[in-house]
Number of protein chains: 2
Amino acid sequence: MGENVIIVGAGLVGCLASLAFAKRGYDVTVFDYRLDPRDSSTEDRNLRSINLAISARGISALEYVDREIAERVLRDVIPMKGRMIHNLQGEQESQIYGLFGECINSIDRAVLNNFLLDELDNAGISVKFGHKLVKVKFGNDKQTCLFSTGEDKVDVVECDFVIGCDGAYSTTRYQMQRAMRMDYAQEYIDSCYIELYIPKAKKFNKQFNGHFSIAPDHLHIWPRHNYMLIALANADGSFTSTFFGPWSLVESLVEDEEKTRRFLLESFPDAMALMGIDEAVRKFISYPKGALMCVECNPYHVDGGKAIILGDAAHSMVPFYGQGMNCGFEDVRVLMQLLDKYRGNRAAAFQRYSETRHEDLVAIIKLAKNNYKEMSHDVTSTSFLVKKQLDRALGRLLRDKWLPLYTMVSFRADVPYHRAVEISEKHRRILNRLMLLFVSTGAIMTALGLARLSRWFRRWM
Amino acid sequence: MGENVIIVGAGLVGCLASLAFAKRGYDVTVFDYRLDPRDSSTEDRNLRSINLAISARGISALEYVDREIAERVLRDVIPMKGRMIHNLQGEQESQIYGLFGECINSIDRAVLNNFLLDELDNAGISVKFGHKLVKVKFGNDKQTCLFSTGEDKVDVVECDFVIGCDGAYSTTRYQMQRAMRMDYAQEYIDSCYIELYIPKAKKFNKQFNGHFSIAPDHLHIWPRHNYMLIALANADGSFTSTFFGPWSLVESLVEDEEKTRRFLLESFPDAMALMGIDEAVRKFISYPKGALMCVECNPYHVDGGKAIILGDAAHSMVPFYGQGMNCGFEDVRVLMQLLDKYRGNRAAAFQRYSETRHEDLVAIIKLAKNNYKEMSHDVTSTSFLVKKQLDRALGRLLRDKWLPLYTMVSFRADVPYHRAVEISEKHRRILNRLMLLFVSTGAIMTALGLARLSRWFRRWM
């Protein structure tokens, strides 16, 4: 084909999309406003990373694009088989994710990004860093992108079509909005996040087979209702930890070092012992505070196959289902499959993508938002846990006929997000009826028992 | 005070805001990307005007800012006391808006805008045309606006604060979004609009006291369920008319002149007789097609009193309640009253504005959206008309104790939009119960009547 495509953004989704289009013979050029993150002289680590958890959808998309790359990525991940809930007393309780040992996989965002950038180099794909997209002009035949490359310097590049993978604050999306009728909504969640850190343990820990001070095969959560701390393991034994809490709480804390210290010690005593309270306080106060924004839009493409947005540019979600990157990778797979189906007819494939992908994206954005409550609060509630056990028991018993929601979202790339939600809604109604049945059966049995007991009493008294 | 303020946009709301701030002693400069519309050499009439209907909220805000200006505006309006429904046979039916003869008032957008611009000149307010806002930098103390004034030319202006009145596609709003966490949603309605025109009648019409070919004191509607035509009178006897219909319908029509002609003749025979079918077809096909977009956001200001958005920039709505400009004018009044309340403390006033204004703006945006169905469809339904008559009867009987929704929105600037919606919801429930009571009473009376009838029969047969 040899049509040339500009991919805006060399983040995770941009890299995967580049590899996928290059494999199909398109002439791919990638532009990113950052400098090359692999260049050790660029210290642009933004101190706002949240470790990623790659699961079935992400893996399946990687494999779809390149089986070998997928294998190499999975070589360095740390499987997590469940959540580890830390209570105020420092006691830990494991809640397993899968029914049959399935895991999600912790990986450092920067490590994965750099790995994929190397793969772009290997594939001979040109990546131009330091190019900030300023404007896109959509023509009848060719699209023109204008990049700023520094004070007063611009680079004007022409292409057949544009793929916007430039994140939640996407310029591609904004430029598309100026050329078409795109419904769009952004909503900020009242929670900020702060990156913290648990250093690797001094001694090798035989139990964990590494310098880990807590179990690396769990996603650690310190749920405290309206705020929480989480931690995901890194390969070297350290953990990348993230605090989530309302802006007003954080703003009132960071004004006062002593208050911050007290808050952290009282809320997360065991975590502070691992982090070192002084380091934790310093980071909590001085590190940048991240905002959490949901983005929804529709459609995702400019008619005529001129442009399309993928990943966070099209569907930014809060990180509480661990699906942001997985969903973005799935975008690439879905688009590529449609391009195959329509034999390279971009106009048709892009339009069909918008028509079919929207309900799935809306579903996962909502699931991710609802999961904040589950992670920070529900995991400590008895009725939640009882229902969850029942759900799991049915899942183990009925196998493919009863898939828990978490399983469908995280371990079954073959179930579209919106179907997962529909199925789980049906299950929820059945579970509620079962619970009611159990409770009333229990009540009847108790009543019968009491009746027998009273007869027995009357006879003998 | 003498603080200087930049007002972005010299449209209707921008002009009123400028007058209001100038009156309070602020140093006001207005910037607009257009050339001066009063300059006869600028032919930038965009052929997408919808005539405006100014009603209580707009008038009250005008009066609040300047009683004399309000009087002069009202001198040239054409009062409309109701809707005139045109059916397919060309029969007309009047539906009166107010209970006691209240009117909304037709006015040409360009006439009103030019009048207000003249008032700005009279007040010595500097208006810089041909200045397109490109960037706003929010500082600790001063805000810096960068305007493009033509190919490669820029104008950098500093001020204490910025008022964005730059419409639905506001650049001020976009610049604010880059500096703060603003929830934002834009949604396109599946309707496009096309401006059409009924020329003034050749003969003076005694009945209408002017060269009008249909009643000037009504807003004319040709409701055809999923599309419609409307017309509002101009002072010279002509009518500005607007067609609204789904994009797919319009796109399929404009491809084929003959099809368009047939469609217009069959849908609006009496209107075509007034417009001239050839002219109508020409305009329908060649005039620009306008999109209808709803915009909601929150908050409306940048902390510290640095900036605020008013009018369509903050709340673009569809035109079906005739409240877009009225609501924008009311924004100005509400903001000014808060500035008075907080004695010029902008930070406090802007914040309070966001906190209190949001529920009203959300309410009117939704009302306007729902009114499309009422205008294009419900006005032809019997049960709608019966309920409306009952509503009006109660309104006339109970006066201030029972205000119909349309009355509260259009004729009562003292009832905030969100209260109007709450009250009308309560009324709706009462009306439904009354209807039920009437229907069941009717049934019982009929049953009793039948019973008596049958007794009477038995006795005499």
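First the proteins, then the strands, lettered A, B, ... as listed; each starts at 1. We use all heavy atoms of the structure for the numbers below, so side chains are in, but hydrogens, waters and symmetry mates are not.
When B:M182, B:E296, B:M293 are compared by the number of non-hydrogen pairs under 4.5 Å with chain A, B:M182 comes out ahead. Counting heavy-atom pairs closer than 4.5 Å to chain B, the top-ranked of the candidates A:Q186, A:E187, A:R181 is A:R181.
For B:Y33, the OH atom sits in a loose shell: 12 or fewer heavy atoms of surrounding residues, nucleotides or ligands are nearer than 6.0 Å. The environment of NZ in A:K366 is sparse: at most 12 heavy-atom neighbours from other residues, nucleotides or ligands sit within 6.0 Å. B:K137 NZ: 12 or fewer foreign heavy atoms inside a 6.0 Å radius. Within a 6.0 Å sphere centred on NZ of A:K369, other residues, nucleotides and ligands contribute 12 heavy atoms or fewer.
Using a 4.5 Å cut-off on side-chain heavy atoms (C-beta onward), B:R178 and A:Y169 make no contact.
Atoms CD1 and CG, from B:I189 and A:D183 in turn, are 8.0 Å apart once rounded to the nearest 0.5 Å.
Contacts between A:Y174 and chain B at a heavy-atom distance below 4.5 Å involve the side chain alone, from C-beta outward.
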